[in-house]
Protein chains: 2
Amino acid sequence: MEQEDFGRLVGYQLKRVQAVLRAAMDAALREHDLTTPQYICLELLDLRPGLSNADLARDAFVTRQSMNVVLRNLHGAGLVTRPATAPHGRALPLRLTEEGAARLKAARAGMLAVERRLTAHLDARETEVLLAQLSDMAESLSG
Amino acid sequence: MEQEDFGRLVGYQLKRVQAVLRAAMDAALREHDLTTPQYICLELLDLRPGLSNADLARDAFVTRQSMNVVLRNLHGAGLVTRPATAPHGRALPLRLTEEGAARLKAARAGMLAVERRLTAHLDARETEVLLAQLSDMAESLSG
DNA sequence: GAGCCTATGTCAAACTACTGACATGGAGCA
DNA sequence: TGCTCCATGTCAGTAGTTTGACATAGGCTC
């Protein structure tokens, strides 16, 4: 029934948690007509207006091409603005529209609820340790 | 530069680790001409021969439809066998071919190396705690 | 200024994955 | 038996993602 020693791999449990988390986020976002990548994109643009497509791709851990598709949809839905010409280089600074900010605000409550459910059994100190461990794991694999 | 309080969300760090992990696995598997979903599928079939498409989908945390595509590719590559008729119900029990088992064995070493890099900075006790926490997080979100 | 390197945006093709839908086989119950 | 219910396999469509490739803009060195 259980995956014996396979389930004892951190990589496998990470995939499991991420799959459940993604499903929970998608479910919470569905009522706001947003997908998880779209939400992440809106959140990043709210935090740091003027980011370019390439900036967003780096921060969301996806390729420029993937983010470009997400932005095309967001722009088509009227949630973000893209200038027609680049003020410097080729980077096009993106910003939330009023509707984009409103949709983000409405969706954020559901996302925070998911985060609380995720960490429901962890106290503040355990959460700090976990965040540090996850960060170290990412760096030891990429660096 | 950094994501301020956004990076302090466990969900964000999970996504980050999973993205880096997936990239590391893909890189290690590329020399064996396997993708990550294909590898997971082979590993599960090695552990429990005779699993059906739906069984594999559940254990790999994807839909039946997604796993069906993976299996179609694996079958086309001659790494797994599917009976033409179902011995019971509609479930088709799958098994590794000799070549499938050989490819899995060759790829497994690289995967274990990735797992060791992932947990390089954790001792045995910390790893146990982390596994338990990840498991709890998955259950508190899905249950 | 000329040439080289990097970063950026974009196009194309393929893969992975999802939702929605449908038909089929088995089990359980009236 | 006949009916419902559930699990399974499968098809179609859509979204997200990737790799590979290309052209363009700026910064850099010479």
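Residue numbers start from 1 in every chain, and the chains themselves are labelled A, B, ... in the order their sequence lines are given, proteins ahead of strands. All values reported here derive from a predicted model rather than from experimental measurement. Basis for what follows: all heavy atoms, side chains included, without hydrogens, waters or symmetry-related copies.
- A donor-acceptor contact shorter than 3.5 Å is absent between the side chain of A:Q38 and the backbone of A:V70.
- Of the possible polar contacts, none joining the A:E139 side chain to the A:D136 backbone as a donor-acceptor pair under 3.5 Å is found.
- Counting any heavy atom pair closer than 4.0 Å across all strands shown, B:V62 reaches sugar-phosphate atoms only and no base atom.
- Formation of a donor-acceptor pair under 3.5 Å by the B:R103 side chain with backbone atoms of B:D33 is found in this model.
- Put simply, B:H88 has a side-chain N or O that comes within less than 4.0 Å of OP1 or OP2 on C:dA27.
- Contact record, B:L44 with B:L51: O-CD1, 4.2 Å, taken as the closest heavy-atom pair.
- B:L71 has its CG atom 11 Å from the P atom of C:dA17, to the nearest Å.
- Side-chain nitrogen and oxygen atoms of B:T35 include none within less than 4.0 Å of the OP1 or OP2 phosphate oxygen of C:dC15.
- One N or O on the side chain of B:D55 and one on the backbone of B:S52 form a donor-acceptor pair closer than 3.5 Å.
- Nucleic acid contact class of B:N73 (heavy atoms, under 4.0 Å, all strands): sugar-phosphate only.
- Under the salt bridge (Lys or Arg N to Asp or Glu O under 4.0 Å) rule, B:D46 has a single partner from B:R108, B:R95, B:K105, which is B:R108.
- Between A:G89 and B:D26, the residue whose closest nucleotide on DNA chain D is further toward the 5' end is B:D26.
- Remark: B:D26 does not engage B:R30 in a salt bridge, criterion side-chain N to carboxylate O under 4.0 Å.
- Going from atom CG of B:L56 over to atom C1' of C:dT16 covers 16 Å, rounded to whole Å.
- Using a 4.0 Å cutoff on non-hydrogen atoms, no part of residues 100-108 of chain A comes near DNA chain D.
- Regarding B:I40, its CD1 atom lies at a distance of 12 Å from the P atom of C:dT16, rounded to whole Å.
- Side-chain atoms of A:T97 come within 3.5 Å of backbone N or O of A:G78 as a donor-acceptor pair.
- Put simply, chain B comes within 4.0 Å of DNA chain D, heavy atom to any atom, from D:dT8 to D:dC11, going 5' to 3'.
- No side-chain donor-acceptor contact under 3.5 Å links B:Q13 to the backbone of B:R8.
- Not one N or O on the side chain of B:E43 forms a donor-acceptor pair closer than 3.5 Å with the backbone of B:L104.
- Using a distance-only test at 3.5 Å, with no hydrogens or angles considered, a donor-acceptor pair links the side chain of B:T63 to the main chain of B:S66.
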Provide a list of protein-nucleic acid N or O atom pairs under 3.5 angstrom, restricted to nucleotides 6-10 of chain C.
residue	atom	partner	partner atom	Å
C:dT8	OP1	A:R58	NH2	3.2
C:dT8	OP2	A:R58	NH1	2.9
C:dT8	O2	A:R90	NH1	2.8
C:dG9	OP1	A:L92	N	3.0
C:dG9	OP2	A:A54	N	2.8
C:dG9	N7	A:R64	NH1	2.7
C:dG9	O6	A:R64	NH1	3.2
C:dT10	OP2	A:R82	NH2	3.4
C:dT10	O4	A:Q65	NE2	3.4

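- B:S66 has no side-chain polar atom (N or O) that falls below the 4.0 Å cut-off from OP1 or OP2 of C:dT16.
- If you measure from atom CG of A:L29 to atom C1' of C:dT19, you get 16 Å, rounded to the nearest angstrom.
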